[in-house]
Q: 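One structure is given below, represented as structure tokens, and several questions about it will come after.
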There are 2 protein chains.
Amino acid sequence: MTDAPDPQRSTRDQILDEALKCFAERGYDGTSLNDIAAGVGIRRPSLLHHFPSKESLYEDLFERLLSDWMQRLEASIASPVSGWDKAELVLRAGFALFADTPDYVRIMRREALDGGGHLGIDLSAVLKPLFDSAVVYFDEQMRNGTFRTHDSRHLLITGYGAILTYFSDAPFIDELLEDKALTAQNVHDHCEHVIGFFRAALLN
Amino acid sequence: MTDAPDPQRSTRDQILDEALKCFAERGYDGTSLNDIAAGVGIRRPSLLHHFPSKESLYEDLFERLLSDWMQRLEASIASPVSGWDKAELVLRAGFALFADTPDYVRIMRREALDGGGHLGIDLSAVLKPLFDSAVVYFDEQMRNGTFRTHDSRHLLITGYGAILTYFSDAPFIDELLEDKALTAQNVHDHCEHVIGFFRAALLN
DNA sequence: ATCACTACCTACCAGTAGGTAGGCAAATGA
DNA sequence: TCATTTGCCTACCTACTGGTAGGTAGTGAT
């Protein structure tokens with residue numbers, strides 16, 4: 001009540017927000033319902049009034065995460081640009097998306113690490129259509145001669161790793177770069193670098 | 001005794017082996033001392049006879065991991081090769097190292113994700129000297145004109161992400177590629193791809 | 001033989017996890 | 001107005017956590 005009133009967002013949404021933060025920070029096992037409830041300013045049983053169990057809370061959260069991402073990604077994927085410009089557009093959209101939702105990235109990474117552990121949701125099954133259509137696109141560009149020849153599938157894995165890691169391992173990377181936090185400037189710099197790197201590898 | 005005798009390795013080493021497997025698979029919080037003890041075929045108190053606490057077990061494990069890696073990496077780094085050949089050599093050594101010790105990779109990734117959470121060990125401080133000397137090397141090659149110009153620091157981050165991810169997120173990636181497990185063939189394919197990709201981006 | 005030591009055990013501890021039961025007060029709607 | 005519903009609470013449950021106490025069988029040295 002006195003802690004974090006915010007009459008705007010419903011308690012349910014506040015719980016989802018706090019759970020997102022906690023799960024991203026300390027993982028599923030490392031987060032207790034008490035932690036989340038305390039963050040919202042209520043007791044654990046009150047939290048369980050809104051979500052029947054810890055697992056269902058996580059499921060709801062993860063579903064929201066996935067649909068948010070798919071929605072935003074599909075917008076940029078559907079754009080009519082073509083050739084390198086399209087790759088650059090999607091790359092930039094991905095960066096913007098990740099920079100906007102760094103907690104999502106860390107949860108995603110944990111999920112990939114655990115191999116869909118706690119959850120019934122098969123992450124790769126959801127992403128596979130996107131992956132496959134990207135493969136088709138790259139293969140086409142390579143046949144065209146627009147892009148240099150690489151193995152599209154491995155290329156996409158490499159890109160996935162390069163981009164996701166920058167956000168998921170942010171604290172570690174920041175220390176390596178002696179540069180604090182995911183500032184807008186740093187994100188921008190890394191985005192430009194990745195785009196330049198991929199352009200150098202793909203274009204003649 | 002009847003379960004997993006193996007008179008070769010000491011109980012202590014068996015515990016470290018099992019702990020490595022469990023921590024890599026389910027993380028620090030997701031692993032209980034009972035899990036580890038059961039894997040070895042002893043009771044929890046017996047495990048705590050060999051290690052004073054869960055945390056100290058993890059510390060011992062992590063220190064062994066780090067020293068193993070540093071030892072193997074420094075061998076390839078110290079080699080007198082130069083130019084692109086050196087980059088390729090280190091890249092191949094890194095791949096071989098990761099392929100040999102996939103559980104180490106996953107623990108490392110968890111550690112990077114948590115930002116050195118459970119432990120006093122500062123991972124980035126240990127790796128920073130290597131990182132910095134790699135930066136010096138790349139900067140030199142770029143001044144030479146041996147490599148195309150990129151931002152060395154970001155380049156290394158990109159490479160780190162690209163390689164580590166392939167191993168840390170293996171289960172997820174395998175499903176995406178519709179190809180089971182980290183077979184020697186798959187690791188080899190991806191290694192060749194990454195090397196080809198980096199060569200294309202770095203050499204004219 | 002006895003002492004000390006190692007490696008294991010059972011039994012227990014306090015603390016915390018997720019989850020349930022039931023009560024109370026404010027809002028809601030007929 | 002009065003019943004219902006909503007949102008929160010305290011109190012409690014069982015299961016399991018990391019860790020301790022104390023005991024025992026086997027071993028090797030004196």
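Per chain, numbering begins at 1; letters A, B, ... match sequence-line order.
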Q: Can you name the closest pair of heavy atoms from B:G161 and B:R109 and give their distance?
A: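 Shortest heavy-atom contact: O-NH2, 4.2 Å.
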Q: Answer with base, sugar-phosphate or nothing: what part of the nucleic acid does B:S32 contact at a heavy-atom distance below 4.0 Å?
A: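 B:S32: backbone/sugar contact only, no base atoms under 4.0 Å.
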Q: Classify the nucleic acid contact of B:T31 as base, sugar-phosphate or nothing, counting any heavy atom under 4.0 Å across all strands shown.
A: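 Sugar-phosphate only.
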Q: How close or far is atom C1' of D:dG19 from atom CG of B:N34, stated in whole angstroms?
A: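 That distance rounds to 11 Å.
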Q: Measure CZ/A:F51 against P/D:dC8 and give the value in whole Å, please.
A: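 The distance from CZ of A:F51 to P of D:dC8 comes to 12 Å, rounded to the nearest Å.
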Q: With a cut-off of less than 4.0 Å, is there a side-chain N or O of B:S53 near OP1 or OP2 of D:dG18?
A: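 False: B:S53 side-chain N/O out of range (4.0 Å or more) of D:dG18 OP1/OP2.
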Q: Any Lys/Arg nitrogen of A:R92 or A:D85 sitting under 4.0 Å from an Asp/Glu carboxylate oxygen of the other?
A: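 Judged by the 4.0 Å cut-off on N to carboxylate O distance, A:R92 and A:D85 do not form a salt bridge.
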Q: Could you check which of D:dT20, C:dG18, D:dC8 has an atom nearest any side-chain atom of A:S46?
A: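 That would be D:dC8.
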Q: For the side chain of B:I42, starting at C-beta, report the closest nucleotide among C:dG19, D:dG18, C:dC9.
A: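 Nearest listed nucleotide: C:dC9.
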Q: Which residue pairs pass the side-chain hydrogen bond (donor to acceptor under 3.5 Å, both in side chains) test when at least one of the two sits in residues 36-51 of chain B, sequence neighbours left out?
A: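 For residues 36-51 of chain B, and leaving out neighbouring residues, the side-chain hydrogen bond (donor to acceptor under 3.5 Å, both in side chains) pairs sorted by first residue read B:N34-B:R44.
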Q: Parallel, tilted or perpendicular, judged at 30° and 60°: which one describes the rings of B:H150 and A:H193?
A: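 B:H150 and A:H193: perpendicular rings.
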Q: Taking atom C1' of D:dG7 as reference, at what distance in whole Å does atom CG of A:D13 sit?
A: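 Computing the A:D13:CG to D:dG7:C1' distance gives 15 Å.
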Q: Quick one: salt bridge (charged side-chain N to carboxylate O under 4.0 Å, His left out) pairs with a partner in residues 127-142 of chain A, sequence neighbours left out?
A: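 Matches after skipping sequence neighbours: A:K128-A:D132, A:K128-B:E178, A:D132-A:R153.
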Q: Would you mind classifying the nucleic acid contact of B:L33 as base, sugar-phosphate or nothing, using non-hydrogen atoms under 4.0 angstrom?
A: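 The answer is sugar-phosphate, as B:L33 gets under 4.0 Å only of primed atoms, P, OP1 or OP2.
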Q: So if I take the C1' atoms of five pairs at each end of the helix from C:dA1-D:dT30 to C:dA30-D:dT1 and get each local axis, what angle do the two axes make, rounded to 10 degrees?
A: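 Comparing the first five pairs with the last five, the axes sit 10° apart.
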Q: Using a strict 4.0 Å threshold on nitrogen-to-oxygen distance, state whether A:R9 and A:D17 make a salt bridge.
A: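 Judged by the 4.0 Å cut-off on N to carboxylate O distance, A:R9 and A:D17 do form a salt bridge.
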Q: For A:L57 and C:dG18, give me the distance from atom CG to atom C1', rounded to whole Å.
A: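 A:L57 atom CG is separated from C:dG18 atom C1' by 12 Å.
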Q: If you check the A:R43 side chain, which of D:dT10, D:dG19, C:dT10 turns out closest?
A: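 Comparing D:dT10, D:dG19, C:dT10 against the side chain of A:R43, the answer is D:dT10.
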Q: Just how far, in rounded Å, is P of C:dG18 from OH of A:Y58?
A: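 A:Y58 atom OH is separated from C:dG18 atom P by 15 Å.
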Q: Please state whether the phosphate of D:dG7, meaning OP1 or OP2, lies under 4.0 angstrom from any side-chain nitrogen or oxygen of A:H49.
A: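 Yes, within the criterion.
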Q: Check for a donor-acceptor pair, side chain of A:D35 on one end and backbone N or O of A:S32 on the other, with a separation under 3.5 Å.
A: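 Yes: the side chain of A:D35 pairs with the backbone of A:S32.
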